[in-house]
Amino acid sequence: MSQTVDRALSILPLLAEGPADLGQVADRLGVHKSTALRLLRTLHEHGLVYRQSDQRYRLGARLFALAQEAMENLDIREIAHPHLLRLNEACGHTVHLAVYEEGEVLYIDKVESRYPVRMYSRIGKPVAITVAAVAKLLLADLPDAERHALADKLDYPLYTARSTPNAPAFLRELEQVREQGWATDLGGHEESINCVAAPVRGTDGRVVAAMSVSAPNVVVTAEELLTLLPQVRRTADAISGEYSGRTPA
């Protein structure tokens, strides 16, 4: 039974390369055509493969529907939380997870700092979108037209002397973030708070969330916080791998 299941599942990656006829499937599996036909018929009955008019087989619509349903039911917060906890335990600073929804970037998870001096933030609250490191990562990954349109309609409050002042400057910073694959907020929202962030990516490589480590100057300097960037990026990569199914949970 396990060999039959293994053979049947081996057909799917083959058809992902493009339509194939019965002979090609049998050759790839190293089985007789009659065996390959039985496997294909079973997969066809379940909608996982489809037989075209030219008698070649391709992946079926049911497979794509299952994949879409699985992705929709993935909870990025649930997957990320254990990773955020481990990072917090290792560095001691505040760790956030954020997503982009309907023109806003929202915190969806937070692990508090173990230090007595903490930053104020709240799950469900929109971030300062023009300065927050997580926002820069999420907006940098938007399609060009959407990114430019959003930048043009945003307000640019000067929270501090380091705040992003206008749309052209914001777009330049987003381009840099897009190229380097990480972002910072070094006193752009609050003079005394610094932050480093990394992206969480889905199966298609697009950014689905962003995570960050933040700390006040009285606890750690900006330079010291930046030394945590490799650890932050490794954590984001681990979340990405689990979310997209590239690594074991």
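Evaluation of the salt bridge (charged side-chain N to carboxylate O under 4.0 Å, His left out) rule for Arg206 yields Asp141 as partners, not counting sequence neighbours. Tyr50 is linked by a ring pair (Phe, Tyr, Trp, His ring centres under 6.0 Å) to nothing, counting only residues two or more places apart in sequence or in another chain. Listed by chain and number, the residues in a ring pair (Phe, Tyr, Trp, His ring centres under 6.0 Å) with Tyr107 are His96 (sequence neighbours excluded). The ring pair (Phe, Tyr, Trp, His ring centres under 6.0 Å) check on His189 picks up Tyr159, with sequence neighbours excluded.
A donor-acceptor pair is defined here as one N or O able to donate and one able to accept, closer than 3.5 Å; such a pair exists between the side chain of Glu224 and the backbone of Thr221. With hydrogens and angles disregarded, no donor-acceptor distance shorter than 3.5 Å links the side chain of Arg77 to the backbone of Asp109. Ser163 places a side-chain N or O within donor-acceptor distance of the main-chain N or O of Gly188, the cut-off being under 3.5 Å. Lys136 places a side-chain N or O within donor-acceptor distance of the main-chain N or O of Thr184, the cut-off being under 3.5 Å. No side-chain donor-acceptor contact under 3.5 Å links Asn166 to the backbone of Tyr156. Thr227 places no side-chain N or O within donor-acceptor distance of the main-chain N or O of Glu223, the cut-off being under 3.5 Å. Here the side chain of Arg162 pairs a donor or acceptor atom with the backbone of Leu186 at under 3.5 angstrom. In this structure, Ser113 contributes its side chain and Tyr115 its backbone to a donor-acceptor pair below 3.5 Å. Judged by distance alone, the side chain of Ser240 and the main-chain N or O of Arg201 form a donor-acceptor pair under 3.5 Å.
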Go through Ile76 and Ile108 one step at a time and tell me if the side-chain contact (heavy atoms from CB on, under 4.5 Å) criterion holds.
CA-CA 9 Å; Ile76 186 64; Ile108 60 170; 3.8 Å; yes
Might you work through the side-chain contact (heavy atoms from CB on, under 4.5 Å) test for Val99 and Val208, ending with a clear yes or no?
CA-CA 7 Å; Val99 296; Val208 296; over 6 Å; no
side-chain contact (heavy atoms from CB on, under 4.5 Å) evaluation trace for Leu158 with Thr164
CA-CA 7 Å; Leu158 295 178; Thr164 306; over 6 Å; no
List the steps, then state whether side-chain contact (heavy atoms from CB on, under 4.5 Å) holds for Thr94 with Val213.
CA-CA 6 Å; Thr94 301; Val213 170; over 6 Å; no
Chi angles and distances behind the salt bridge (charged side-chain N to carboxylate O under 4.0 Å, His left out) call for Asp54, Arg56
CA-CA 6 Å; Asp54 61 4; Arg56 292 190 301 165; 2.9 Å; yes
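To the nearest 0.5 Å, the span separating CG on Leu87 from CD on Gln231 amounts to 5.5 Å. To the nearest 0.5 Å, atoms CG (Leu137) and CZ (Arg178) are separated by 11.5 Å. A distance of 8.5 Å separates CG in Leu142 from CG in Leu174, rounded to the nearest 0.5 Å. The CZ atom of Arg7 lies 12.5 Å from the CG atom of Leu9; values are rounded to the nearest 0.5 Å. The structure places CD of Gln55 at 10.0 Å from CG of Asp21, a figure rounded to the nearest 0.5 Å. Rounding to the nearest 0.5 Å places CG of Asn194 at 8.0 Å from CG of Leu226.
The number of heavy atoms from other shown groups lying within 6.0 Å of CD (Glu78) does not exceed 12. Around atom CZ of Arg147, more than 12 heavy atoms belonging to other residues, nucleotides or ligands sit under 6.0 Å away.
Criterion: ILVMFWY side-chain heavy atoms under 4.5 Å apart, direct or through other members. Under it, Val220 and Val196 are part of a common hydrophobic cluster. When hydrophobic clusters are built by joining Ile, Leu, Val, Met, Phe, Trp and Tyr residues whose side-chain heavy atoms come closer than 4.5 Å, directly or via intermediates, Ile123 is not grouped with Leu106. Note: the hydrophobic cluster containing Val200 also contains Val111 (ILVMFWY, side chain heavy atoms under 4.5 Å, direct or indirect links). In this structure, Leu85 is a member of the same hydrophobic cluster as Val232, with clusters built from ILVMFWY side-chain heavy atoms closer than 4.5 Å. Following chains of ILVMFWY side-chain contacts shorter than 4.5 Å, one cannot reach Leu229 starting from Val207, and the two form parts of different hydrophobic clusters.
Side-chain contact between Met211 and Val95: present, with at least one pair of heavy atoms (C-beta onward) separated by less than 4.5 Å. At least one side-chain heavy atom of Glu242 sits under 4.5 Å from a side-chain heavy atom of His83. Proximity of Asp75 to Ile79: side-chain heavy atoms (C-beta onward) are nowhere separated by under 4.5 Å. Side chains of Trp182 and Val177 form no contact here, defined as non-hydrogen atoms less than 4.5 Å apart. Side-chain atoms of Val219 and His93, non-hydrogen and from C-beta on, do get closer than 4.5 Å to each other. At a threshold of 4.5 Å between non-hydrogen side-chain atoms, the residues Leu63 and Leu43 do not count as touching. In this structure, the side chains of Ser192 and Val218 stay at 4.5 Å or more apart for every pair of heavy atoms. Proximity of Pro157 to Thr130: side-chain heavy atoms (C-beta onward) are separated by under 4.5 Å at one or more points.
Listed by first and then second residue, the ring-ring contact (aromatic ring centres under 6.0 Å, His included) pairs that reach into residues 130-152 come to none, sequence neighbours excluded. Among residues at least two apart or in separate chains, there is no ring-ring contact (aromatic ring centres under 6.0 Å, His included) pair with a member in residues 18-49.
Nearest approach of Ala167 to Ala151, heavy atoms of both residues: CB-O, 3.5 Å. Scanning both residues, Leu22 and Ala36, for their nearest heavy atoms gives CD1-CB, 3.8 Å. Between Ser214 and Cys195 the shortest heavy-atom distance is OG-SG, 3.3 Å. Taking all atoms of both residues into account, the shortest heavy-atom contact from Leu138 to Tyr100 is CD1-N, 3.8 Å. The nearest pair of heavy atoms linking Val25 to Ala20 is CG2-CB, 4.2 Å. Of all non-hydrogen atoms in Val127 and Ala132, the two that sit nearest each other are CG2-CB, 3.7 Å.
Between Arg28 and Glu17 there is a salt bridge, with a side-chain nitrogen of the basic residue lying less than 4.0 Å from a carboxylate oxygen of the acidic one.
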